[in-house]
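Presented below is the structure to which this report refers.
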Number of protein chains: 2
Amino acid sequence: MRPSTPLDRVAGAHDAAVLAVARRGEPVSRADLAEALGVTPQAISKILGRLMERGLMAGAGSIISGPGKPTTLYRIVPSSRRAIGLHLTRTRVRGVVADLTGEVVAHREIEIGHRQPVPELIETLAAQARELSGLGEGLLLGVGVGMPGPVDVASGVYRGTSAPDPWRGAEIRRMLVEALGMPVLLDHDSRAAIVGETWSQPGLLRNAALVLVEDGLGASLSLDGTIVRGAHSHSGEVGHTVVRMDGVACECGRRGCAQAEFMASLERGDVADAARVLATIVLDLVRLVDVDRVVLGGRTVYTHHEPMMEAIRGALEEGLREEPWVHVEVMLSTRGTDLIAVGAACEVLEHEYGLPTALVGPE
Amino acid sequence: MRPSTPLDRVAGAHDAAVLAVARRGEPVSRADLAEALGVTPQAISKILGRLMERGLMAGAGSIISGPGKPTTLYRIVPSSRRAIGLHLTRTRVRGVVADLTGEVVAHREIEIGHRQPVPELIETLAAQARELSGLGEGLLLGVGVGMPGPVDVASGVYRGTSAPDPWRGAEIRRMLVEALGMPVLLDHDSRAAIVGETWSQPGLLRNAALVLVEDGLGASLSLDGTIVRGAHSHSGEVGHTVVRMDGVACECGRRGCAQAEFMASLERGDVADAARVLATIVLDLVRLVDVDRVVLGGRTVYTHHEPMMEAIRGALEEGLREEPWVHVEVMLSTRGTDLIAVGAACEVLEHEYGLPTALVGPE
DNA sequence: TGACGTAACGCAACAGCGTTTGCTTATTCT
DNA sequence: AGAATAAGCAAACGCTGTTGCGTTACGTCA
């Protein structure tokens with residue numbers, strides 16, 4: 001089960017690193033890659049040899065930069081692999097096909113019936129995946145599913161809440177693998193989102209938080225280049241952080257939860273106050289884990305992103321006045337409404353990159 | 001500068017892992033270690049060979065466990081290496097000598113004058129270190145310094161606050177290296193603390209938070225076995241998390257900061273309310289990063305640890321009622337008042353273990 | 001036009017990791 | 001005493017990236 005030798009992991013990590021650099025789009029030279037990975041150019045030749053044999057990379061001509069042999073350039077081959085990403089919510093499923101670089105090459109969205117029973121839900125997801133599997137080129141690696149609420153990534157089970165919930169305890173991954181016969185991965189929406197965002201800004205989100213505003217509030221973290229999953233794959237649930245003692249009643253039974261306050265403010269049209277709630281959470285989070293980038297994403301945030309980002313920037317500037325060396329960049333997600341679906345697809349692609357994932361196939 | 005081959009890192013990681021297992025105290029067999037590291041017993045022989053050559057481990061007899069050749073046991077040699085740890089506050093310096101297992105073999109505490117100028121401070125620290133250097137056995141690896149407030153670990157500089165602060169911008173590491181002629185490491189107190197605690201509970205704190213209550217409030221994280229340091233080595237500052245909008249005025253200029261509320265409650269003897277503040281922070285933190293262990297430490301907390309821990313346990317039970325699979329263990333630090341000093345010493349020891357640290361020596 | 005310097009690159013030998021295979025050693029059981 | 005069992009060692013192996021050296025392809029200058 002375990003890879004025969006730890007050298008595999010060295011190689012895997014280097015392969016993944018080269019692909020990550022190449023994913024930025026620009027053709028790269030051996031020297032660039034050697035610099036980026038901290039290995040000799042000769043090692044890069046071997047790594048590129050492996051990747052080219054798998055069809056993931058290809059030569060991209062050469063440039064003359066003075067005397068001497070011209071530099072040979074290499075590029076990633078986007079169409080060599082692809083993955084399907086599904087974003088599941090209570091009311092709809094958004095699906096995308098992403099190529100090896102994480103670019104969306106196709107998308108579909110369907111509405112689903114309220115409180116759909118599990119077998120029907122699986123069939124809906126499978127049908128969506130089958131339709132998408134005909135789109136795009138390259139070897140199809142599998143299906144990633146991102147959904148809100150507690151998810152056990154290792155087992156691929158949706159844990160559900162104690163409130164009446166028809167999907168509670170559903171073995172979504174196992175059932176989808178059986179229905180589709182291809183590898184499937186299940187993850188929490190906020191974590192899928194940060195993976196997707198990390199892919200579209202390679203190298204920039206080593207220490208970053210992604211604040212996700214969908215039906216609830218989520219926040220996922222990338223610290224030191226690693227996505228935080230937590231002891232029970234339960235990280236990211238900031239929705240019930242209390243921001244106002246004795247505030248608005250929340251469905252969780254308490255008062256002043258961030259997501260209750262946020263939604264209540266939005267409903268009564270007080271965008272400024274909703275933004276304030278968001279800003280409070282972000283500032284606390286920056287203080288705790290010291291991220292230098294905060295990305296805002298999720299369906300609910302796009303309509304009001306300007307005042308929200310301004311509020312967050314203001315709160316950070318105000319709150320970090322004593323620590324001027326701490327600069328935090330606040331930005332909007334580059335993925336739009338595809339964010340979570342494409343993130344789930346990227347998690348599948350990471351498996352091909354040689355990174356550890358919870359992707360599990362049939363048999 | 002860079003290690004000649006990545007194989008060094010494989011070896012280094014394995015060496016460190018073996019030492020981490022051996023640190024638990026019980027003698028271990030080749031088979032135990034092979035199981036723990038996920039490598040073959042044959043590889044363990046090679047790893048142990050390296051470690052024994054360096055004097056870090058030694059044989060510990062053999063036991064007969066049925067038919068066949070008896071199992072040879074190995075143990076760590078605590079007295080083979082040692083490190084000095086200094087815990088610097090505004091009023092005193094606590095120093096310890098820790099052996100290779102992170103056990104304290106000696107400690108000293110001295111008071112320091114209020115608002116001591118930097119050159120004097122360095123001489124105080126150096127004198128403390130020189131005195132400690134005569135205690136304990138084994139090769140002295142260096143000095144670790146843990147202190148509150150913003151610290152730039154990479155450069156070894158205390159950044160200070162914008163309030164009048166005589167130590168602001170002091171190049172503490174460089175000056176200490178020059179004064180002592182041995183490697184020195186400077187880190188934030190809350191991070192030193194979690195390193196110290198991780199050492200005394202090997203393997204148990206893979207996903208843990210350490211809440212430090214000294215003059216201020218701190219919280220450091222160990223996620224997936226890695227200590228969170230942040231983009232500007234500024235993680236852990238939860239003291240100014242707002243828990244009560246329009247609460248007690250804080251020296252930072254805002255109202256309702258956790259540490260202001262906590263201290264105000266303590267001063268008027270309302271331990272229950274102070275505990276509530278702590279519990280709020282812990283619950284939010286658990287929701288965000290999903291740690292399964294919370295350790296309480298720091299001078300201020302020991303006198304009231306019972307009600308504080310109960311309050312935290314209560315808040316967690318209450319707040320996680322919907323997620324019964326999330327169990328969080330709440331415990332008191334095992335290090336007592338040595339916590340930060342010993343943690344700083346452990347950070348120095350980690351360098352010998354082959355782990356990356358900010359330990360920098362002379363020349 | 002041709003010799004020379006330069007820079008990128010490939011081939012081959014190398015060091016070091018853990019793995020595999022086969023043998024040796026030390027104990028218990030028959 | 002002899003067989004069975006389990007631990008440990010030694011050597012060969014596969015794999016990584018590194019090092020050293022030769023080859024290729026370009027610009028420059030006589």
Side-chain angles (χ1 to χ4, degrees), chain A residues 1-19 21 27-54 57-75 353-355, chain B residues 1-19 21 27-54 57-75 353-355:
Chain A
M1 192 68 236
R2 189 169 41 76
S4 56
T5 148
L7 297 188
D8 294 355
R9 275 185 229 174
V10 173
H14 281 170
D15 292 2
V18 166
L19 288 170
V21 173
V28 286
S29 68
R30 277 203 334 162
D32 296 341
L33 291 166
E35 171 76 27
L37 301 212
V39 298
T40 54
Q42 192 53 40
I44 299 294
S45 291
K46 293 190 181 180
I47 294 167
L48 284 173
R50 291 196 297 262
L51 293 172
M52 288 168 74
E53 194 170 10
R54 287 165 66 196
M57 294 203 63
S62 57
I63 49 165
I64 43 179
S65 53
K69 185 171 178 175
T71 306
T72 317
L73 296 178
Y74 301 88
R75 62 177 181 85
Y353 273 52
L355 301 171
Chain B
M1 192 69 236
R2 187 169 43 76
S4 57
T5 149
L7 299 187
D8 295 354
R9 272 185 232 175
V10 174
H14 280 169
D15 292 2
V18 166
L19 288 170
V21 173
V28 286
S29 67
R30 278 199 340 158
D32 295 342
L33 290 167
E35 170 75 28
L37 300 214
V39 299
T40 55
Q42 192 54 36
I44 299 294
S45 292
K46 293 190 181 178
I47 295 168
L48 283 173
R50 292 196 296 262
L51 293 173
M52 287 167 76
E53 195 169 11
R54 286 164 66 195
M57 294 202 64
S62 59
I63 49 164
I64 44 181
S65 54
K69 184 171 177 175
T71 307
T72 318
L73 295 179
Y74 300 88
R75 63 177 181 83
Y353 273 52
L355 300 170

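Naming convention: chains lettered A, B, ... in sequence-line order (proteins, then strands); numbering from 1 in each chain. This one's a predicted model, so the numbers in the text were calculated from it and none came from an experiment.
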Pairwise distance OH(A:Y74) to CD1(A:I44) - rounded to 0.5 angstrom: 10.5 Å
Side chains of B:D32 and B:V21 in contact at under 4.5 Å (non-hydrogen atoms): no
Short side-chain N/O contact from A:H14 to OP1 or OP2 of D:dT16, under 4.0 Å: no
Minimum heavy-atom distance between A:T40 and A:A34, given as atom pair plus value: C-CB, 4.0 Å
Side-chain N or O of A:R50 closer than 4.0 Å to phosphate OP1/OP2 of D:dT16: yes
Shortest non-hydrogen separation from A:L37 to A:H14 and the atoms involved: CD1-O, 3.7 Å
Whole-Å distance separating the CD1 atom of B:I47 from the P atom of D:dG8: 14 Å
Pairwise side-chain contact, B:S29 with B:L73, heavy-atom cut-off 4.5 Å (strictly under): yes
Short side-chain N/O contact from B:T40 to OP1 or OP2 of C:dG18, under 4.0 Å: no
Between D:dG17 (C1') and A:R9 (CZ): distance, integer Å: 18 Å
Interatomic distance, B:D8 CG vs D:dG17 P [rounded to whole Å]: 13 Å
Where A:R30 and A:L48 come nearest, the two heavy atoms and their spacing: CG-CD1, 4.3 Å
Per-nucleotide protein contact string for nucleotides 5-13 of chain C, where B marks a base within reach and S marks sugar-phosphate only (heavy atoms under 4.0 Å, - for neither): BBBBBBB--
Interatomic distance where CD1 belongs to B:I64 and C1' belongs to D:dA7 [whole Å]: 14 Å
